[in-house]
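Beneath this line is the structure, given in structure tokens, with notes to follow.
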Amino acid sequence: MNNIYIPPVVKNLLIINILFFLATLYFETKGIRLGFTLGAFYFDSPLAKPWQPLTYMFMHGGWAHIFFNMFALYSFGTLLESRWGAKKFLTFYLITGLGALALQLGVQAFETYQLTGAVVNPGAVSIDFASNMVQSNVKGLNNEQLGKLIEIYTTPMVGASGAIFGLLVAFGMLYPNAELMIMFIPVPVKAKYIIPFYILVELFLGVGQFEGDSVAHYAHLGGALIGFILVKIWKDKNTNFYNYHE
């Protein structure tokens with residue numbers, strides 16, 4: 001029986017993500033929400049910390065969230081790390097994760113500017129940790145606008161999804177004719193068709209901002225965009241980069 005091969009960076013990323021998730025579950029039983037310490041907040045939020053742009057990538061919001069992200073990391077990351085090597089793959093993963101956060105924060109800054117006329121508003125949102133109460137000190141906003149501002153300042157972004165979208169785009173660019181089995185689609189679909197479609201769906205959901213949708217779609221798009229740019233740059237520096245795209 002053949003052993004399942006998992007390259008070192010993918011293996012360690014899987015282990016770290018799972019450990020972070022198990023720690024999140026454990027500390028929740030103690031009344032401690034790690035997401036508010038290790039998740040990423042809007043840069044003007046009183047909850048923002050300097051380590052969060054890195055640690056948010058290893059936090060997840062539930063079983064389905066971590067399962068699908070880790071399945072994609074194993075499925076696409078194994079092939080890409082085997083092709084690029086450990087150093088280049090880790091660089092790609094971290095940069096796309098940071099790029100995902102950057103775009104999400106940029107969108108939040110734009111939304112904050114629309115609401116308040118500035119991207120930085122000292123004291124805009126105050127948090128009473130003892131009573132677990134949040135209030136906005138910005139005047140002239142209706143209830144819907146106040147709710148949106150508080151959401152921007154107090155909702156953490158968690159998950160490896162931005163980096164995963166970078167891997168998806170890289171896979172689609174390097175292996176466009178690879179056939180993928182997609183849930184609810186009974187036939188295999190080539191990567192060059194399904195991955196761009198998936199990106200368009202994320203764009204639609206991000207622009208639509210549908211009620212009840214708490215997914216950071218622009219983070220997904222940010223990871224995808226940075227992944228696309230990196231593959232194009234690396235391809236230009238290495239004429240053999242696309243040797244195995246068939």
Inset, instruction - Return the minimal non-hydrogen interatomic distance between Asn17 and Leu13, and the atom names on each side. - result: ND2-O, 2.7 Å
Legend entry - Leu47 versus Thr154, closest heavy-atom pair with distance: CD1-CA, 4.2 Å
Legend entry - Separation between CD1 of Ile66 and CE of Met59, rounded to the nearest 0.5 Å: 9.5 Å
Legend entry - Member of Trp234, Phe171, Phe76 meeting the ring-ring contact (aromatic ring centres under 6.0 Å, His included) criterion with Trp84: Trp234
Legend entry - Residue pair Lys192, Asn177: steps toward the side-chain contact (heavy atoms from CB on, under 4.5 Å) verdict: CA-CA 6 Å; Lys192 63 184 177 183; Asn177 294 317; 2.9 Å; yes
Legend entry - Shared-cluster residues of Ile15, by chain and number - hydrophobic side chains joined below 4.5 Å: Leu19
Run the side-chain donor-acceptor check on residues 94-105: report pairs under 3.5 Å with partners two or more places apart or on a different chain.
unit_1, atom_1, unit_2, atom_2, d
Thr96, OG1, Phe92, O, 2.8
Thr96, OG1, Tyr93, O, 2.9
Gln104, OE1, Ala219, N, 3.3

Inset, instruction - Check the hydrophobic clustering (I, L, V, M, F, W, Y; side-chain heavy atoms under 4.5 Å; chains of links allowed) and say if Ile233 and Ile226 are grouped together. - result: yes
Legend entry - NZ-CD distance between Lys148 and Gln108, expressed to the nearest 0.5 angstrom: 7.5 Å
Legend entry - Interatomic spacing from CD1 in Ile4 to NZ in Lys11 - rounded to 0.5 Å: 11.5 Å
Legend entry - Sequence neighbours excluded - side chain to side chain donor-acceptor pair (under 3.5 Å) pairs with any residue from residues 219-231: Glu202-His220
Legend entry - Shortest non-hydrogen separation from Val231 to Met173 and the atoms involved: CG1-CE, 3.5 Å
Inset, instruction - Please state whether the rings of Tyr153 and Tyr42 are parallel, tilted or perpendicular, taking 30° and 60° as the class boundaries. - result: perpendicular
Legend entry - Pro46 to Lys49 - nearest heavy-atom pair and separation: O-NZ, 4.3 Å
Inset, instruction - Decide side-chain contact (heavy atoms from CB on, under 4.5 Å) for Phe228 and Ile199; before the verdict, give the C-alpha distance in whole Å, the side-chain angles of both, and the deciding distance to 0.1 Å. - result: CA-CA 12 Å; Phe228 174 84; Ile199 300 299; over 6 Å; no
Legend entry - Euclidean distance, Leu230 CG relative to Thr91 OG1, rounded to 0.5 Å: 9.0 Å
Inset, instruction - Taking all heavy atoms of Pro156 and all of Gly35, pick out the closest pair and write down the distance. - result: CB-O, 3.5 Å
For residues 160-170, run the donor-acceptor check on the side chains, cut-off 3.5 Å, and write out each pair with its distance to 0.1 Å, sequence neighbours left out.
unit_1, atom_1, unit_2, atom_2, d
Ser161, OG, His65, NE2, 3.4
Ser161, OG, Asn69, OD1, 3.4
Ser161, OG, Asn69, ND2, 3.1

Inset, instruction - Apply side chain to side chain contact (heavy atoms under 4.5 Å, CB included) to Phe110 and list each qualifying residue two or more places apart in sequence or on a separate chain. - result: Gln114
Inset, instruction - Identify whether Phe71 and Met57 are in the same connected component of the hydrophobic contact network (ILVMFWY, side-chain heavy atoms under 4.5 Å). - result: no
Legend entry - Distance flag, aromatic centroids of Phe41 and Tyr56, threshold under 6.0 Å: no
Inset, instruction - Flag yes if more than 12 heavy atoms outside Asn142 fall under 6.0 Å of its CG atom; otherwise flag no. - result: yes
Legend entry - Same apolar cluster: Ile32 and Trp51, side chain cutoff 4.5 Å: yes
Inset, instruction - Mind jotting down which residue pairs meet the side chain to side chain donor-acceptor pair (under 3.5 Å) criterion with at least one end in residues 18-28? Sequence neighbours excluded, please. - result: none
Inset, instruction - Grab the two heavy atoms, one from Gln52 and one from Phe36, that are nearest each other, plus how far apart they are. - result: NE2-O, 4.1 Å
Inset, instruction - Nearest 0.5 Å please: distance from the CD1 atom of Ile152 over to the OG1 atom of Thr112. - result: 4.0 Å
Inset, instruction - Drop me the distance from Leu38's CG to Phe20's CZ, to the nearest 0.5 angstrom. - result: 6.0 Å
Inset, instruction - Going by the ring-ring contact (aromatic ring centres under 6.0 Å, His included) test, name the single residue among Trp63, Phe67, Phe58, Phe27 that passes it with Phe21. - result: Trp63
Inset, instruction - Evaluate side-chain contact (heavy atoms from CB on, under 4.5 Å) for Val119 paired with Asp44, printing each intermediate quantity in order. - result: CA-CA 8 Å; Val119 297; Asp44 190 40; over 6 Å; no
Inset, instruction - Count the heavy atoms of every other residue, nucleotide or ligand shown that sit under 6.0 Å from CZ of Phe197, and state whether that count exceeds 12. - result: no
Inset, instruction - Check the hydrophobic clustering (I, L, V, M, F, W, Y; side-chain heavy atoms under 4.5 Å; chains of links allowed) and say if Tyr113 and Leu141 are grouped together. - result: yes
